[in-house]
Amino acid sequence: MALNVYNTRTKRKEPFVPAHPKVVRIYTCGLTVYSAMHIGHARTYCFWDVFRRWLEYRGFHVISVINYTDIDDRIIANAAAGGTGMLDHAEQVIASFRADCRALAIKDYAAYTRATDFVAEQIEAVQALIDKGKAYVVDGEVLYDVRSFERYGELSGRTIDSLQEGASGRTDATERQRKRFFADFTLWKPSKAGEPSWDTGKEAWPSGRPGWHIECSVMSTSTLGQHFDVHGGGIDNLFPHHENEIAQAEPLCGHPWVGYWMHPAHLQLLDEDGKPIKMSKSLGNVISIPELREHHSADQIRWFFGVTHYRSSLAFNWQLVSEASKGFDKVKRAVTTLEQRLEQAPDEDLKIPVQGSYASLRGADQAIPRERESFVYGQYGEASARFIERFIAGMDDDMGTPKATAAVFDYVGELFAGGIEASDDVPSLLAAYRCLTRHLWVLGAELPNARLYPELAVECVGGAERDNAGGGREAALAGVIDKLLELRQEARKAKDFAKSDQIRDLLKDAGVAVEDTPKGPRWEVS
RNA sequence: GGCACGGUGGCCAAGUGGUAAGGCAGAGCUCUGCAAAAGCUCUAUUCGCCGGUUCGAUUCCGGCCCGUGCCUCCA
């Protein structure tokens, strides 16, 4: 078994073989920065993050690039409405995008390219397309001659003849008059008065701004090279954006330009009756990332996304996220339980003896992840081995996160049934803890404790903050809670249940949930 | 009109040519001073409808019905 992914270009699942055996280069179409990202974008970007994490788990080094489209009519319009310039407006949206990504535990990309930083390269590419007879100039505007590209439509599975003019209801009559063919698209166009404009030094098209499609083709090849492994974007980008990108890039870079095209499906907002509704500003139903985070942790949100396969459209309403969150909470309780069982263990016991049992289950070329020997150990070793097998098989099958989450549930059930709540077997507990958190990390749920799993904790987006969070004030509060629980234990011992329940209620009112376990009380902030 | 993708238990959601993962919700039991948590057991003779291929189809093929997306700048 090896990783297989669904390639939109071939409409098949294919073995994933990057151009370089150890390095994967990914370009993702990012945000047009006219307004902040919303849950729909979140679904897409979280998928890319899981994909990247899975590749890293698999031992690849990933170079991922995402772009900001910061030249766009809507940016200009929104900037004007807000009384700022286009670039200032873009700057603000980019800042909120980065904050939102952190809030969702999306790992940093190697590069975030901005269209305005690549204008010179775009001008060069446009000229090259003109020179190759792929583009023509009309009144200072450069248009791509779609009919000159024989493979046009191949990616999205259509033919030029099957396109219906105006079917999207968004065509512009005056633009149509300039085009030789209705599907021709803009590579470069003159700016209107007051809009940002760049000089090209070309006689026929002396100034203006680039079209949308050329931005991505140029940014991707400028950063990742003439050929790279994965090009992705939301399914809405499939046509015309990615089709046009291929039409631009292949005459310049060669065919095939990109190894794998991947397109996550959309998130679909549902109303109270369960009917799909359009998320739009005018309806006032756009859900932002801060709003989402008010109700759910990043881990819960990531889990919710993972339960549905990335190529299926995902229904969203608060009810559905809450149900998924409840499922995740059970998983988290297993992590918390293991953590608490290990809390008292001295540092010298937190080293896992290595044993090669798992390696023997697979061929040497499948020796993944690198830490596997430390996971398959002790009392829960067999359950862990089964879990890892299922998890890998699920993920390898075109990023089957639903299968991976199901494997996690079964594993967690086995750990509880195996008595983790009452166990003092530190090496076994630690191995299970690391096994579980390592795989949850792949799905974007970042739970490792820095003391118990330092190598993984540093991989986490919120790692540094999490480590510091334990100090100072919170530690003091924890001390108070522990003190109250001591009093409660004394009361329980004396069978003064009125008093013990009173303390529990008191803590509950303060947002601290108390549970009694065979090994004493356990609390968590709810 | 064209192209694409879907229709699986109350809800969400995997899946395979050989007899339906997992989660949520629900019921019972165990444990517990109680609660919570956890565990165990139960909950689709059935996978939109109709044909066909097959020893056998939810899974392959054909038709139909329903839904969604796209067909020039929405992740």
Side-chain angles (χ1 to χ4, degrees), chain A residues 8 11 28-32 34 37-45 47-48 69 72-74 146 153 156-159 161-172 175-176 179 182-186 211-213 215 232-241 243-244 263-268 274 276 278-280 303-304 307-309 311-315 319-320 322-328 330-331 333-334 337 390 394 397 400-410 412-413 415-422 492 495 497 500-501 504-505 508 513-518 521-522:
Chain A
T8 312
K11 296 175 180 57
T28 312
C29 285
L31 200 63
T32 299
Y34 64 98
M37 70 184 276
H38 54 64
I39 49 170
H41 301 109
R43 198 254 173 135
T44 301
Y45 300 139
F47 167 71
W48 293 121
T69 298
D72 181 82
D73 288 342
R74 290 161 300 177
V146 159
S156 57
R158 14 191 129 204
T159 60
D161 298 335
S162 74
L163 299 176
Q164 186 175 40
E165 183 168 359
S168 71
R170 273 178 283 158
T171 42
D172 177 346
E175 201 174 272
R176 176 68 188 93
K179 293 179 177 178
F182 75 89
D184 290 351
F185 56 92
T186 299
W212 177 42
H213 310 297
E215 295 173 6
I235 187 70
D236 52 296
N237 286 143
L238 177 58
F239 190 91
H241 184 51
E243 199 67 62
N244 291 352
H263 294 96
H266 274 190
L267 177 146
Q268 176 71 58
K278 193 91 182 166
M279 190 161 39
S280 75
W303 189 261
F304 167 67
V307 167
T308 302
H309 188 84
R311 286 191 291 114
S312 297
S313 69
L314 169 66
Q319 170 85 25
L320 292 168
S322 296
E323 284 172 10
S325 295
K326 280 180 199 164
F328 174 75
K330 174 173 174 176
V331 174
R333 269 193 291 276
T337 299
R390 278 182 66 192
D397 182 14
T401 54
K403 282 176 255 184
T405 55
V408 170
F409 277 122
D410 287 338
V412 164
L415 292 178
F416 274 121
I420 54 171
E421 283 178 298
R492 291 182 70 204
K495 305 236 184 265
F497 297 121
S500 72
D501 289 351
R504 186 167 63 192
D505 291 344
K508 193 181 174 190
V514 176
E515 291 171 14
D516 293 312
T517 76
R522 165 170 96 186

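The sequence lines fix the lettering, A, B, ..., with proteins before strands; numbering per chain opens at 1. Just so you know, these numbers use all the heavy atoms, side chains as well, and skip hydrogens, waters and symmetry mates. Bear in mind the structure is a predicted one, so any value in this text is a computation, not a measurement.
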Item checked: Any residue meeting ring pair (Phe, Tyr, Trp, His ring centres under 6.0 Å) with A:Trp48, in chain and number order, not counting sequence neighbours -> none

Next item on the list: Respond yes when some side-chain nitrogen or oxygen of A:Lys326 is under 4.0 Å from OP1 or OP2 of B:rG23, and no when none is.
Entry: no

Check: Base, sugar-phosphate alone, or nothing: which one does A:Arg74 contact when heavy atoms must sit under 4.0 Å apart?
Finding: sugar-phosphate

Notebook entry, point to check: Taking atom P in both B:rG10 and B:rG48, what distance in whole Å separates the two?
Noted result: 14 Å

Next item on the list: Quote, to the nearest angstrom, the P distance that separates B:rA21 from B:rG15.
Entry: 14 Å

Notebook entry, point to check: Under 4.0 angstrom, heavy atoms only, what part of the nucleic acid is A:Tyr45 near: base, sugar-phosphate, or nothing?
Noted result: sugar-phosphate

Check: Within this structure, what is the CD1-to-C1' distance between A:Ile235 and B:rC70, rounded to whole angstrom?
Finding: 8 Å

Checklist line | With sequence neighbours excluded, residues passing ring pair (Phe, Tyr, Trp, His ring centres under 6.0 Å) with A:Phe409 | finding: A:Trp303

Item checked: P-based separation of B:rC47 from B:rC11 [nearest Å] -> 15 Å

Checklist line | Lys/Arg-Asp/Glu bridge criterion (N-O < 4.0 Å) met for A:Lys508, A:Asp505 | finding: no

Collect all protein-nucleotide pairs involving nucleotides 37-44 of chain B in which both atoms are nitrogen or oxygen and the distance is under 3.5 Å.
residue, atom, partner, partner atom, Å
B:rA37, O3', A:Arg333, NE, 2.8
B:rA38, OP1, A:Arg333, NE, 3.2
B:rA38, OP1, A:Arg333, NH2, 3.0
B:rG39, OP2, A:Lys330, NZ, 3.4

Notebook entry, point to check: What orientation do A:His41 and A:His38 show, parallel under 30°, tilted 30 to 60°, or perpendicular over 60°?
Noted result: tilted

Margin query: Determine whether a donor-acceptor pair (one donor, one acceptor, N or O, separation below 3.5 Å) exists between the side chain of A:Asp501 and the base of B:rG33.
Written below: yes

Note to self: Heavy atoms only, 4.0 Å cut-off, all strands: where does A:Ile420 land among base, sugar-phosphate and nothing?
What the structure shows: nothing

Next item on the list: Measure from the side chain of A:Arg158, starting at C-beta and using heavy atoms only, and say which of B:rG2, B:rG22, B:rU68 lies closest.
Entry: B:rG2

Notebook entry, point to check: Can you name the residues that form a salt bridge (Lys or Arg N to Asp or Glu O under 4.0 Å) with A:Asp184, not counting sequence neighbours?
Noted result: none

Next item on the list: Measure from CG on A:Asp505 to C1' on B:rC34 and round the result to the nearest Å.
Entry: 11 Å

Margin query: Expressed as a whole number of angstroms, how long is the span from A:Phe409:CZ to B:rG23:P?
Written below: 6 Å

Filtered N/O pairs between nucleotides 4-9 of chain B and protein, under 3.5 Å:
none

Next item on the list: Counting heavy atoms from C-beta on, name the nucleotide in B:rG2, B:rG33, B:rA75 closest to the side chain of A:Ser162.
Entry: B:rG2

Next item on the list: Tell me, please, which residues at least two apart from A:Asp410 pass salt bridge (Lys or Arg N to Asp or Glu O under 4.0 Å).
Entry: A:Arg390

Item checked: Charged N-O contact under 4.0 Å between A:Glu165 and A:Arg176 -> yes

Check: Do A:Lys326 and A:Phe328 have side-chain heavy atoms sitting under 4.5 Å apart?
Finding: no

Check: Closest to the A:Asp397 side chain: B:rG2, B:rA75, B:rG15?
Finding: B:rG15

Check: Touch check for A:Asp410, heavy atoms < 4.0 angstrom, all strands: base, sugar-phosphate only, or nothing?
Finding: sugar-phosphate

Notebook entry, point to check: Just how far, in rounded Å, is P of B:rC74 from CG of A:Asn237?
Noted result: 9 Å

Next item on the list: Could you check how far NZ of A:Lys403 sits from C1' of B:rU16, rounded to whole Å?
Entry: 10 Å

Checklist line | Selected nucleotide, minimal atom distance to A:Gln164 side chain, candidates B:rC74, B:rA21, B:rC71 | finding: B:rC71

Item checked: Any residue meeting salt bridge (Lys or Arg N to Asp or Glu O under 4.0 Å) with A:Asp516, in chain and number order, not counting sequence neighbours -> A:Arg488, A:Arg492

Margin query: So, OP1 or OP2 of B:rA14: does either fall under 4.0 Å of a side-chain N or O from A:Ser312?
Written below: yes

Notebook entry, point to check: Do A:His309 and the base of B:rA14 stack face to face, with centres under 5.5 Å apart and an angle between planes under 30°?
Noted result: no

Next item on the list: Among B:rG23, B:rA21, B:rA14, find the nucleotide with the atom closest to the side chain of A:Glu323.
Entry: B:rG23

Next item on the list: Describe the nucleic acid contact of A:Thr28 in one word from base, sugar-phosphate, nothing, applying a heavy-atom distance below 4.0 Å.
Entry: nothing

Next item on the list: Name the nucleic acid region contacted by A:Gly211, choosing base, sugar-phosphate or nothing; use a 4.0 angstrom heavy-atom cut-off, strictly under.
Entry: nothing

Next item on the list: Give A:His41 one of three labels, base, sugar-phosphate or nothing, depending on what nucleic acid heavy atoms sit under 4.0 Å from its own.
Entry: base

Check: When rounded to the nearest Å, what value does the distance between P atoms of B:rC31 and B:rC40 take?
Finding: 16 Å

Check: Rounded to the nearest Å, what distance is computed from the NE2 atom of residue A:His266 to the P atom of nucleotide B:rC74?
Finding: 11 Å

Next item on the list: Determine the contact category for A:Lys179: base if any of its heavy atoms lies under 4.0 Å from a base atom, sugar-phosphate if only primed atoms, P, OP1 or OP2 are that close, otherwise nothing.
Entry: base

Check: Partners of A:Thr186 by side-chain hydrogen bond (donor to acceptor under 3.5 Å, both in side chains), sequence neighbours excluded?
Finding: A:Glu141

Notebook entry, point to check: Rounding to the closest angstrom, what is the interatomic distance between B:rA4 and B:rG17 at atom P?
Noted result: 23 Å

Check: Between the side chains of A:Ser313 and A:His266, is a donor N or O closer than 3.5 angstrom to an acceptor N or O?
Finding: no

Note to self: My understanding is that only residues two or more places apart in sequence, or in another chain, count here; which of them pass ring pair (Phe, Tyr, Trp, His ring centres under 6.0 Å) with A:His213?
What the structure shows: A:Phe185, A:His241

Check: Rounded to whole angstroms, how far apart are NZ on A:Lys495 and P on B:rU32?
Finding: 11 Å

Check: More 5' along RNA chain B: A:Leu31 or A:Phe497, using each one's nearest nucleotide?
Finding: A:Phe497

Check: What distance, rounded to whole Å, do you find between the two C1' atoms, one in B:rC34 and one in B:rC24?
Finding: 27 Å

Margin query: Which residues pass the ring pair (Phe, Tyr, Trp, His ring centres under 6.0 Å) test with A:His309, not counting sequence neighbours?
Written below: none

Checklist line | All salt bridge (Lys or Arg N to Asp or Glu O under 4.0 Å) counterparts of A:Arg43, not counting sequence neighbours | finding: none

Item checked: Involving RNA chain B, stems made of at least three consecutive Watson-Crick or G-U pairs, both distances under 3.5 Å -> B:1-7 with B:65-71, B:10-12 with B:22-24, B:26-30 with B:38-42, B:48-52 with B:60-64

Item checked: Phosphate OP1/OP2 of B:rC34 contacted by A:Ser500 side-chain N/O (<4.0 Å) -> no

Notebook entry, point to check: How long is the line joining CG of A:Asn244 and P of B:rC74, in whole Å?
Noted result: 12 Å

Next item on the list: Report which part of the nucleic acid A:Asp73 touches: base, sugar-phosphate, or nothing (heavy-atom distance under 4.0 Å, all strands).
Entry: nothing

Item checked: Check: A:Ala404 main-chain N/O paired with A:Thr401 side-chain donor or acceptor under 3.5 Å -> no

Next item on the list: With the side chain of A:Ala406 defined as its heavy atoms from C-beta on, choose the nearest nucleotide among B:rC12, B:rG22, B:rC74.
Entry: B:rG22

Note to self: Could you tell me how far B:rA25 sits from B:rU19 if I compare only their P atoms? Round to whole Å.
What the structure shows: 31 Å

Check: Between B:rG69 and B:rC74, how far is it from one P atom to the other, in whole Å?
Finding: 16 Å

